[in-house]
Amino acid sequence: MKLKALLAASLAALSLSAFAQAPIVIKFSHVVATDTPKGQAAERFKELAEKATKGRVKVEVYPNSQLYKDKEELEALQLGAVQMLAPSLAKFGPLGVKEFEVFDLPYIFPSKAALYAVTEGPIGKGLLKKLESKGITGLAYWDNGFKIMSANKPLVSPADFKGQKMRIQSSKVLEAQMRALGANPQVLAFSEVYQALQTGVVDGTENPPSNMYTQKMHEVQKHLTVSNHGYLGYAVIVNKKFWDGLPADIRSALEGAMRDATTYEKAIAERDNNIALDNIKKAGKTQIYVPNAKDVAEWKKVLLPVHKQMEDRIGKDLIAAIAKETAGK
Ligand code: LMR
């Protein structure tokens, strides 16, 4: 009897210590290649988080839609099947937080300084707060950059878009943008874009160069315009219940790791996109067009009315607040 009790006690102690040592696992799912600003920053976060928590946290990064595609990953986060994501800001509409689509408005950020004034200031923080009612905590904004347009025909003036089937993310603002250009927008998950371009399901698309290059889209697109007409960035988000349930010391170590990973991400975003555009040039399969001032004026004339058109969906006040925050930047 005594022996039995002793055995039971030592077994309990053993399993307790095993429990104490079992790391907390953060599954971080995303849809782009590892060799992109987001992909590299996810890896950097893993490294920093595991170090800062002395191995008490294990971060498993799943790139390239390995686990989930665009819409599914948001559902998986809410269900707790994964703990961390960094979806593009253009993908929060279907979740019911339409305000994030403000980031998709054409030409809304005249520069990176203007963008950061929004993402790092009260507007950005206020938007992340809106996610809480959806069971999501927003931790940071990550950057990618300004988008370029591609197709199998030159896209120089807005008239060139007429009737072109253009792949977009699931954002009503992007839909309105493509319609304003006379194109036919088609929502597709990121993982499906290359094949859709290759087989002609769609004619063209928009994305920053690094996403185009790492998915080899340039191999199936004959023309590309460095239009920089719109922005693509991310919100790093976690399942709120999971995050709130973490021991306080772990949570604050992870917050520190996220801060450092974010600084790193912002430092590499522009550089990586410039390199990607160069690589597309070198690959020699795509003709690259840089719009002149006259082209830009034409694009703006057609695209800026989208701001007004989307006021009811996004909120007039939010659009005005961004205009105020970014003025002169
Ligand atoms: C896209 O779907 O085009 C992008 O949002 C992918 C990404 O996450 O950068």
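Both counts, for ligands and for their atoms, begin at 1 and track the order of listing.
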Side chain to side chain contact (heavy atoms under 4.5 Å, CB included) between Arg271 and Ile275: does it pass, once the steps are laid out? CA-CA 6 Å; Arg271 183 202 65 189; Ile275 294 173; 4.1 Å; yes

Nearest non-hydrogen protein atom to atom 9 (O) of ligand 1, with distance, is Tyr234 OH, 2.5 Å

Among Tyr141, Tyr116, Phe109, find the one that has a ring pair (Phe, Tyr, Trp, His ring centres under 6.0 Å) with Tyr231. Phe109

Pick one: which of Lys69, Gln169, Gln215 meets side-chain contact (heavy atoms from CB on, under 4.5 Å) with Phe190? Gln215

Gln164 vs Asn152, test: side chain to side chain donor-acceptor pair (under 3.5 Å). Steps then yes/no. CA-CA 10 Å; Gln164 289 283 295; Asn152 281 316; over 6 Å; no

Under 4.0 Å, counting heavy atoms only: does His30 come that close to any atom of ligand 1? no

Between Glu206 and ligand 1, does any nitrogen or oxygen pair lie at a separation below 3.5 Å? no

On the six-membered ring of Tyr107, is Lys300 placed so that its NZ or CZ lies under 6.0 angstrom from the centre and within 45° of the ring axis? yes

Mode of Thr36 contact toward ligand 1 - side chain, backbone, both, neither (heavy atoms, under 4.0 Å): neither

Nearest non-hydrogen protein atom, atom 7 (C) of ligand 1: Val32 CG1, 3.3 Å

Among protein heavy atoms, which lies nearest atom 5 (O) of ligand 1, and at what distance? Gln169 OE1, 2.7 Å

Minimum side-chain heavy-atom gap Met84-Asn239 below 4.5 Å: no

Should the pair Lys58-Glu60 be classified as a salt bridge under the 4.0 Å nitrogen-to-oxygen rule? yes

Proximity to ligand 1 by part of Met212, non-hydrogen separation under 4.0 Å: neither

Checking Tyr68 now: which residues fulfil ring pair (Phe, Tyr, Trp, His ring centres under 6.0 Å) with it, not counting sequence neighbours? none

Taking distance alone, with no angle check, do Asn211 and ligand 1 share an N/O pair under 3.5 Å? yes

Asn207: numbered ligand 1 atoms lying under 4.0 Å from its heavy atoms: 1 (C), 3 (O)

Among all protein heavy atoms in this structure, tell me which lies nearest to atom 2 (O) of ligand 1, with the distance rounded to 0.1 Å. Lys91 NZ, 2.7 Å

Which atoms of ligand 1 are found less than 4.0 Å from any heavy atom of Ser88? 5 (O)

Can you tell me which portion of Lys38 lies within the under-4.0 Å heavy-atom range of ligand 1? Options are side chain, backbone, both, or neither. side chain

What residue and atom, counting heavy atoms only, is the protein's closest point to atom 3 (O) of ligand 1, and at what distance? Arg167 NH1, 2.7 Å

Evaluate the ring planes of Phe45 and Phe28, with Trp represented by its six-membered ring, and classify them as parallel (under 30°), tilted (30 to 60°) or perpendicular (over 60°). perpendicular

Please find out if less than 6.0 Å separates the ring center of His223 from that of Tyr289. no

Which of the atoms of ligand 1 are close to Leu232, meaning less than 4.0 Å from one of its heavy atoms? 5 (O), 9 (O)

With the threshold set at under 4.0 angstrom, would you say Val193 reaches ligand 1 through any of its heavy atoms? no

